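Have a look at the structure below before the remarks.
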Amino acid sequence: MIEMPFMSPQGFAAAVAAPAARPAAGARAHWFVFKGDRLLVELGPPAGRPSDDPRVAARPVWARLPLLNSNKILWFEVVRPLYLGRLGEIDCWTAEAPADAAPPPPGIGWEGLRALFSVLDDAHFALAGRAIQLLDWDRSHRYCGRCGTPTEAKSGERARACPACKLSAYPRIAPAVMALVCREGEILLARSPHFPPGMYSALAGFVEAGETLEQCLEREVEEEVGVRVSRIRYFRSQPWPFPNSLMIAFVCDWTSGEIRPQAGEIEAANWFKVLHLPKLPSKISIARRLIDAVANEMRAGQ
Ligand SMILES: [Zn+2]
């Protein structure tokens, strides 16, 4: 099992500029080609059993990234090619398919990343998460945000620069804090109105300008469920490409307040005994890893 889904894989060296402008004919390369938010993969039929992710009905029984001997094996000309770096000895690229690309040949398809978790090779899955964020950033920064001039890719770093006013745009990462609130043998879980039916998770929210992570946590917990917490302990972090977050997860202790769900944001929130937990998010997310780690520790102490 991988350490944390989407974390940069072992053996990957990120780079901005490829050794050659594009892979020569016959050179092997991995291409992470997206159509919208779906990745081009060779894939098998859907599995007969439901997936562990309440957001995914069924995963394919297998999927793999095509190892191409040049992108000419693709049946269309790619858009927005970006070099990602090398995984071992293999150059990795990402690109978009044109909107009018013809349907894929048999055995090849477009699949969302959630459906490919635990099916695609772990390193390729992580790089697909990196790739989709960089493509989205590249697509969204074609023009200068300050003066509107078309931007140009910088050569030595991952940035797009404005030739008129010199403003540089870098890939944007939005830090988000996740909090699992605990008290005697129970954890506080909540559901947002857009969760799949029955699923509960830890609380989370984006860091605001001028806040520390701890201040963000205290504010989010109080806003979303109306309780106060203390003893904030760092758990772990996870890059989260839906769309461009860094999740920073903490455990904390309840100190006071009754649960009062925030209207519009929190559909339901409850204390759950760790022996009777509701439907939880998939192991793709740090939320599940955080809940599992704390619940296992509490169960061991009971
Ligand atoms: Zn400008």
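Ligands are counted one by one from 1 in listed order, and the atoms in each one are counted from 1 as well. Quantities reported herein were computed from a predicted structural model and do not represent experimental measurements.
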Legend entry - Contacts of the Zn ion (ligand 1) with protein N/O/S atoms, counting only those under 2.8 Å: Cys144 SG, Cys147 SG, Cys162 SG, Cys165 SG
Legend entry - Asp91 bridged to Arg28 by N-O distance under 4.0 Å: no
Donor-acceptor list for residues 266-276 side chains, cut-off 3.5 Å, not counting sequence neighbours:
| residue | atom | partner | partner atom | Å |
| --- | --- | --- | --- | --- |
| Glu267 | OE2 | Arg191 | NE | 2.6 |
| Glu267 | OE2 | Arg191 | NH2 | 3.1 |
| Lys273 | NZ | Glu186 | OE2 | 3.4 |

Would you list the atom pairs, donor with acceptor, under 3.5 Å between side chains in residues 96-111 and any protein atom, with sequence neighbours excluded?
| residue | atom | partner | partner atom | Å |
| --- | --- | --- | --- | --- |
| Glu96 | OE2 | Arg80 | NE | 3.3 |
| Glu96 | OE2 | Arg139 | NE | 2.6 |
| Glu96 | OE2 | Arg139 | NH2 | 2.8 |

Inset, instruction - Identify the residue among Glu214, Glu208, Glu224 that makes a salt bridge (Lys or Arg N to Asp or Glu O under 4.0 Å) with Arg219. - result: Glu208
Legend entry - Donor-acceptor pair between Asp253 and Ser230 side chains, under 3.5 angstrom: no
Legend entry - For Pro50, side-chain contact (heavy atoms from CB on, under 4.5 Å) partners two or more places apart: none
